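Just so it is clear, the model here is predicted, and its values are computed rather than measured.
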Amino acid sequence: MTLASRRLCAAAALLYSVWILYPLVNRELHPWTSFVSEYFVADLPGATVLRTVDGVAGVALAGVAAFSYARLRTLWRALPNGTRGTQHTREVTSSRIRTAVRVWCAGLGVAGLATVVDAVNPLVCAASLSPECTAAESAGTLPLQHQVHLFSSGAAGLGFIAAMAATIVLSTRADRLVRILS
């Protein structure tokens, strides 16, 4: 990863974490009993700022994934099949490493794009604040926007899980990973 990608990744992480401060701004939602997505409901104060910051964080994450993958593709082309270079470069270009890097980039890309979808399609209502919302959610009568948000939140979570799993593979040696999993 280049220095610019690292900085963009750090900026995305900071922006993605802004919601942590939101309970200090709005005390309607209890931090232990409500979902993070409920802070983004349109009629709550500060929700527009949170959605904007979340969207920018998602674009930054997708950018990190795209820039990192493009950079690594350029490096891999210089070492076809890992046949040139030192023993270290052959290990770095192994199939397992390439697959893990692809999964990492794809996971971050999916998480970033799903975060943008989350920001554009916030929940319609907060179930922890409104019994009517809870009843409508149970009955399945909430609009499509609510369902899109739920799906994209799940996709973002799965993207982050895939990126974390790939990070574990990239940060451990193969024999050590086998010992951990067995």
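Heavy-atom minimum distance, Thr115 versus Ala156: OG1-CB, 4.1 Å. Smallest separation of non-hydrogen atoms from Leu142 and Cys125: CD2-SG, 4.0 Å. When every heavy atom of Ala65 is checked against every heavy atom of Gly109, the shortest pair comes out as CB-N, 3.5 Å. For the residue pair Ala100 and Ala166, the shortest heavy atom distance occurs at O-CB, 3.2 Å.
Qualifying side chain to side chain contact (heavy atoms under 4.5 Å, CB included) partners for Ala60, counting only residues two or more places apart in sequence or in other chains: Leu8, Ala12. Leu113 meets the side chain to side chain contact (heavy atoms under 4.5 Å, CB included) test with Ala62; sequence neighbours excluded. Under the side chain to side chain donor-acceptor pair (under 3.5 Å) criterion, Ser130 pairs with Glu132, not counting sequence neighbours. Listed by chain and residue number, nothing satisfies the side chain to side chain donor-acceptor pair (under 3.5 Å) test with Thr52 (two or more places apart in sequence, or in another chain). Contacts of Ser153 classified as side chain to side chain donor-acceptor pair (under 3.5 Å), with partners at least two apart in sequence or in another chain: Asp118, His149. For Tyr22, the side chain to side chain donor-acceptor pair (under 3.5 Å) test picks out Asn26, with sequence neighbours left out. Not counting sequence neighbours, Cys105 has no partner by the disulfide (SG to SG under 2.5 Å) test. By the side chain to side chain contact (heavy atoms under 4.5 Å, CB included) test, Ala111 pairs with Phe160, sequence neighbours left out.
Between the CD1 atom of Ile161 and the CE atom of Met164 there is a distance of 5.5 Å, given to the nearest 0.5 Å.
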Give the C-alpha distance, both sets of side-chain angles, the deciding distance and a yes or no for side chain to side chain contact (heavy atoms under 4.5 Å, CB included) between Leu123 and Phe40. CA-CA 7 Å; Leu123 291 176; Phe40 296 80; over 6 Å; no
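A single hydrophobic cluster is not seen to contain both Val110 and Trp104; linkage of ILVMFWY side chains at heavy-atom distances under 4.5 Å, directly or through other members, places them apart. In the hydrophobic cluster analysis, where Ile, Leu, Val, Met, Phe, Trp and Tyr join through side-chain heavy atoms closer than 4.5 angstrom, Leu129 is grouped together with Leu50. Trp19 and Val116 fall into different hydrophobic clusters, where Ile, Leu, Val, Met, Phe, Trp and Tyr side chains are chained together by heavy-atom contacts under 4.5 Å. Transitive grouping of hydrophobic side chains (ILVMFWY, heavy atoms separated by less than 4.5 Å) brings Val41 and Val36 into a common cluster. Both Leu15 and Ile20 sit in one connected hydrophobic cluster of ILVMFWY residues. Membership requires side-chain heavy atoms under 4.5 Å apart, directly or through other members.
The side-chain hydrogen bond (donor to acceptor under 3.5 Å, both in side chains) analysis of residues 134-144, with sequence neighbours excluded, yields the pairs Glu137-His146. Screening residues 19-55 for disulfide (SG to SG under 2.5 Å), with sequence neighbours left out, gives no hits.
Taking Ile, Leu, Val, Met, Phe, Trp and Tyr as hydrophobic and joining them when side-chain heavy atoms fall under 4.5 Å apart, one finds Val148 in a cluster with Val117, Leu144.
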